[in-house]
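Note sheet for the following structure.
Labels below follow one simple rule: chain letters A, B, ... track the order of the sequence lines, proteins then strands, and each chain is numbered from 1. Worth knowing before you read on, the calculation uses all heavy atoms, side chains too, and leaves out hydrogens, waters and symmetry mates.
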Amino acid sequence: MCLAIPSQITKIENEIATIDVDGVQRQASLLLLEDAAVGDYVIVHAGFAIKQIDESAAKETLTLLKEAAALVENEGGDRSKD
Amino acid sequence: MPIKHSDEYRDAEISKHLANRIHATSTQNIRLMEVCGTHTVSIFRSGIRSILPDTIALLSGPGCPVCVTDQGEIDAFIELARQDDVIITTFGDLMRVPGSNSSLQNERAAGQDIRMVYSTFDALQVAKDHPDKQIIFLGVGFETTAPTIAAAIKSAAQDNVDNFSVISAHKLVPPALEALMGLENVEIDGFILPGHVSVIIGLEAYRPFFDRYNIPCVVAGFEPTDILSAIQMLVTQIKDKTPRLDNAYPRAVTNKGNTKAQDLLKEIFEIADACWRGIGIIPASGLQIRDAFAVHDAAKRFDVSVGSSKSLKGCACGEILTGHKTPPECALYKKACTPTDPVGPCMVSTEGTCAAYFRYHAD
Ligand code: SF4
């Protein structure tokens, strides 16, 4: 029931988002979100988007993980431009 | 390259490093409970158990919605399915859960109209398509699912879809944690808190529980590195004797949670007592539909009462949900009880601990 992988919104119409789940288009209601925009990654639960992914928190988490694993120097600094 | 928010958290190098740090930090024997069924499955699937030191025991908690649904609630669902001119709509996992003397699957085979839906709006659509029938949705789930059901009830009220109703058997996570800590012989040293329940209720919703028991608590996401970093935080807290309420899933979980979903929950539901399999009645741990929406409350419309029924004979689901037993300690596990022929809900649900053990645990 829990779809843990975030999906990207490709279209929004009447509070219904079209989301891309690994190349498959599905629909998700936006009634539980404050402000969603095309391009956002959202967590979808039982047909409803329940949260946008916080990009800066996501990047910070990844950097911390990689720093801790001493991998970060191999990655270069290009992620800040995404 | 944009972040996809999934693959990055499956990085084997990072996982290995986190596991090494856990090995280096973990000296005493500890028992950690992952409260959420999706965590249980993710932990098994990613092989996390096999890379953790022997000092760490992982217990599955009361976080698989189907598994904690009480026998009396299942019996009420079956009673509803037997009413004339109804169509029951439900998420798939409930179909095969045995009631005291039948299951929804048996009822469907006997000719009752029971349909699996992907979302509550699909159920609402069934109601619009069949104005001559009563459509009942079986409302099972935690704080993550309940807002989706609240949204459907609100839409039904706005659009006057009077033949749509919900039986609310929803459960709330923080009161269950309180109840767990109040049980006899609990041996839990820390909690891996659910990711998506926390998306809705927010980190601070656990604060009263944390303040009361001062036990290490970390919210985790669902990818391997998410879970490993949560475990690493817990191990460190326990070692340093500095319990904290921490967030290892900040990209999705905020302090306040999803306030729009919370407001909708409050509008449609009020807090009520609920009966949990294996635990019994936990005060203020459930949701009932407010009187203003009584038209959409199947319990009121069909006068079905949720009684207390005996648990299934020989099934240890109750003890498993409270961390007192693991599936191999159940006499029926792998013998009378398998995923193809399940005895209890923990073997039926894909998020159930017994099903996860059966699929992934070589013993
Ligand atoms: S193995 Fe089957 S009978 Fe035993 S606790 Fe699990 S679901 Fe119940």
Sorted by chain and residue number, the side-chain contact (heavy atoms from CB on, under 4.5 Å) partners of Ala127(B) (sequence neighbours excluded) come out as Ile135(B), Val161(B), Asn163(B), Phe164(B)
Ranked by heavy-atom pairs below 4.5 Å to chain A, first place among Gly221(B), Pro250(B), Ala261(B), Ala252(B) goes to Ala252(B)
Rounding to 0.5 Å, atoms OG (Ser198(B)) and CG (Asn247(B)) come to a distance of 8.0 Å
If one checks every heavy atom of Ser229(B) against chain A at 4.5 Å, the contacting part turns out to be side chain
When the 4.5 angstrom heavy-atom criterion is applied to Gln8(A) and chain B, the contacting part is neither
**Message:** Quick check against the 3.5 Å criterion: does Asp93(B) have a side-chain atom that pairs as donor or acceptor with the backbone of Val348(B)?
**Reply:** no
(message) Would Glu73(B) and Lys171(B) count as a salt bridge (charged side-chain N to carboxylate O under 4.0 Å, His left out) here? Give the steps.
(response) CA-CA 12 Å; Glu73(B) 292 171 330; Lys171(B) 310 248 186 309; 2.8 Å; yes
If one checks every heavy atom of Leu33(A) against chain B at 4.5 Å, the contacting part turns out to be both
If one checks every heavy atom of Ser56(A) against chain B at 4.5 Å, the contacting part turns out to be neither
So, His45(A) versus Thr145(B): side-chain donor-acceptor pair below 3.5 Å or not? yes
